[in-house]
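Just the heavy atoms: all of them, side chains too, but no hydrogens, waters or symmetry mates, feed the values below. In listed order, ligands and their atoms are each counted from 1. In this chain, residues are counted from 1 in sequence order.
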Amino acid sequence: MTSILRVEGGHPLTGTIVVRGAKNFVPKAMVASLLGNSPSELSNVPLIRDVDLVSDLLRLHGVEVEFDHKRGVMSLDPRNVTRAQRSDIDALGGASRIPILFCGPLLHQLNEAFIPELGGCNIGGRPIDFHLEILRSFGADVDKRPDGVHITSPTGGLQGTVIDLPFPSVGATEQTLLTAVRAEGRTILRGAAVEPEIMDLINVLQKMGAIISVDTDRTIRIEGVEELQGYSHTALPDRIEAASWGAAALATRGDIYVKGAHQPDMTTFLNTYRKVGGAFDIDTEGIRFYHPGGALKSIALETAVHPGFMTDWQQPLVVALTQAQGLSIVHETVYENRFGFTQALRQMGANIQVFKECLGATPCRFGQRNFLHSAAISGPTPLHAADITVPDLRGGFSHLIAALAAEGVSRVSGIDVIARGYEHFTIKLRQLDARVEYIGSIVQ
Ligand code: UD1
């Protein structure tokens, strides 16, 4: 079953909304609680599907999870961690990639872990080879079977190791951190990702008793300790959600105050926003994003790992670029297949072409491999309403922005996917005076 949202577009989004903790951090901090010998407390937790899923997975493993939705406070008690039934893990695993990060903590607690078929957004192959190689490098035995991957730790436990990542993968860096903190001896991770969400995970682990240092050259050093305790922490805000609302303000010629948006995590986005012709005011509580009038400007943009322009900011911004004067170029260097969402934008009147070539200063891994990973957007093109289906989380939110910017009534189906990462998004849309209403469900 999937819900259909009726969107009457062509009206600027105006008003105030609040963003809470980052979807790309909170589930990982929840997993980290498994490593402690006492309860943890996490604040600023959003009510999103990925948080529900990880809560359910933790409960399956004996963790007591209590979540006060209104206050956004979650307590996690790992003192009775136990094995879970594989079939139960399997039943939950399909919707996200987070289960893979349970491996290190479970190997330390139970000497075994199991990875079911993984979900997450369909934005490329999304392999797990780095993760499996990392676990092997710590000494774990990794056995791929038809029902999933079975992993066991050797007698004597996991050992510190040296890892060179072929690409600064966020998940692989987190996998290393969550495994190394309690492995015996020192681990050196070279080529690590240093996204703000990873830095906040390091904050959590340090509070728990871990010893971790980060060098300027993407090297992270972890000295394993025998025991970790619970933590108390407030999650960093969701910079992807904040940027998505910022892009929505631009595309609809609106004015949105995003309470909770945090400038230091969004520097690159804000620079780009300004170059496109968007305006913003920053205060201690958040960021006001608005269209200052006049024409938007075209830009050349490349996505990259932090501190570059984040890949998850790309799709919402592309919608705004359809309204910019001239030719914009976007080169996607993180995922090979992240322009599928542009098909619906074309259907709505956008002029977007996608290319296999690297249309950017940095030749990337995808240039020689037939992936449509560069886009040329020619504007401004008025958008008109259409019936569209949400392809994935970020692409889906972009479709929603396009429908809100387009003249006429669009029907957006598959809308439930967006609840994986955007808290109360229809409530927030109404707070911004958007004309949206659910008109039923269809069975897919
Ligand atoms: C995380 C974020 C996602 C964001 C991405 C990059 C979460 C829940 N999701 O995803 O929103 O877009 O970081 O900032 O935090 N790769 C491999 N082998 C692996 C793992 C990754 O080849 O084993 C490749 C991927 O295919 C991709 C690249 O590495 O091309 C980056 O992926 P990665 O940084 O690992 O993304 P995630 O952690 O899955």
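Residue D312 has at least one N or O atom closer than 3.5 Å to an N or O atom of ligand 1. An N or O contact shorter than 3.5 Å is missing between P168 and ligand 1 by distance. Residue-to-ligand polar distances keep F366 apart from ligand 1: every N/O pair is separated by 3.5 Å or more. Between E336 and ligand 1, no N or O atom pair is found at a separation short of 3.5 Å. In terms of polar-atom proximity, defined here as any N/O pair under 3.5 Å, S169 does make such a contact with ligand 1. On a distance-only criterion, V334 and ligand 1 share at least one N/O pair closer than 3.5 Å.
In this structure, N44 contributes its side chain and A235 its backbone to a donor-acceptor pair below 3.5 Å. Between the side chain of Q109 and the backbone N or O of V81 there is no donor-acceptor pair closer than 3.5 Å. With hydrogens and angles disregarded, a donor-acceptor distance shorter than 3.5 Å links the side chain of K428 to the backbone of V18.
The pair K23-E241 does not meet the salt-bridge criterion, since no charged nitrogen lies less than 4.0 angstrom from a carboxylate oxygen. Ion pairing between D164 and R190 holds under the 4.0 Å rule for side-chain N and carboxylate O. Here R59 pairs with D56 in a salt bridge; the nearest charged N to carboxylate O distance falls below 4.0 Å. With respect to R338 and E332, no salt bridge is recorded, no charged nitrogen being found less than 4.0 Å from a carboxylate O. In this structure, E423 pairs ionically with R20, as a charged nitrogen and a carboxylate oxygen lie closer than 4.0 Å.
Near H131, meaning under 4.0 Å from one of its heavy atoms, ligand 1 places the atoms 23 (O). Listed by atom number, the atoms of ligand 1 under 4.0 Å from T311 heavy atoms are 6 (C), 12 (O). Within the listing of ligand 1, atoms 35 (O), 38 (O) sit less than 4.0 angstrom from a heavy atom of G171. For ligand 1, the atoms closer than 4.0 angstrom to any heavy atom of I128 are 23 (O). Close contacts of ligand 1 with K23, meaning ligand atoms under 4.0 Å from a residue heavy atom, involve 8 (C). Remark: ligand 1 atoms within the under-4.0 Å shell around heavy atoms of K28 are 7 (C), 8 (C), 15 (O).
Within the 4.0 Å heavy-atom criterion, neither part of H306 lies near ligand 1. In Q175, neither the side chain nor the backbone holds a heavy atom less than 4.0 Å from any atom of ligand 1. Under 4.0 angstrom from ligand 1, the non-hydrogen atoms of F130 come from both its backbone and its side chain.
Ranked by closest heavy atom to atom 1 (C) of ligand 1, the top entry among T303, V170, V305, N337 is V170.
Under the rule for a side-chain hydrogen bond (donor to acceptor under 3.5 Å, both in side chains), the partners of T161 that lie at least two apart in sequence or sit in another chain are S137.
For the pairing with F25, the side-chain contact (heavy atoms from CB on, under 4.5 Å) check across N203, L42, I198 returns one residue only, L42.
Residue contact annotation: R338 has a non-hydrogen atom under 4.0 Å from ligand 1. Ligand 1 lies out of reach of E197, whose nearest heavy atom is not under 4.0 Å from it. For the ligand labelled ligand 1, residue R394 lies outside the 4.0 Å heavy-atom shell. Distances shorter than 4.0 angstrom do not occur between any heavy atom of A193 and any atom of ligand 1.
Residues L404 and V436 come closest through the heavy atom pair CD2-CG1, 4.2 Å.
Side-chain polar atoms of S38 and Q229 form no donor-acceptor pair below 3.5 angstrom.
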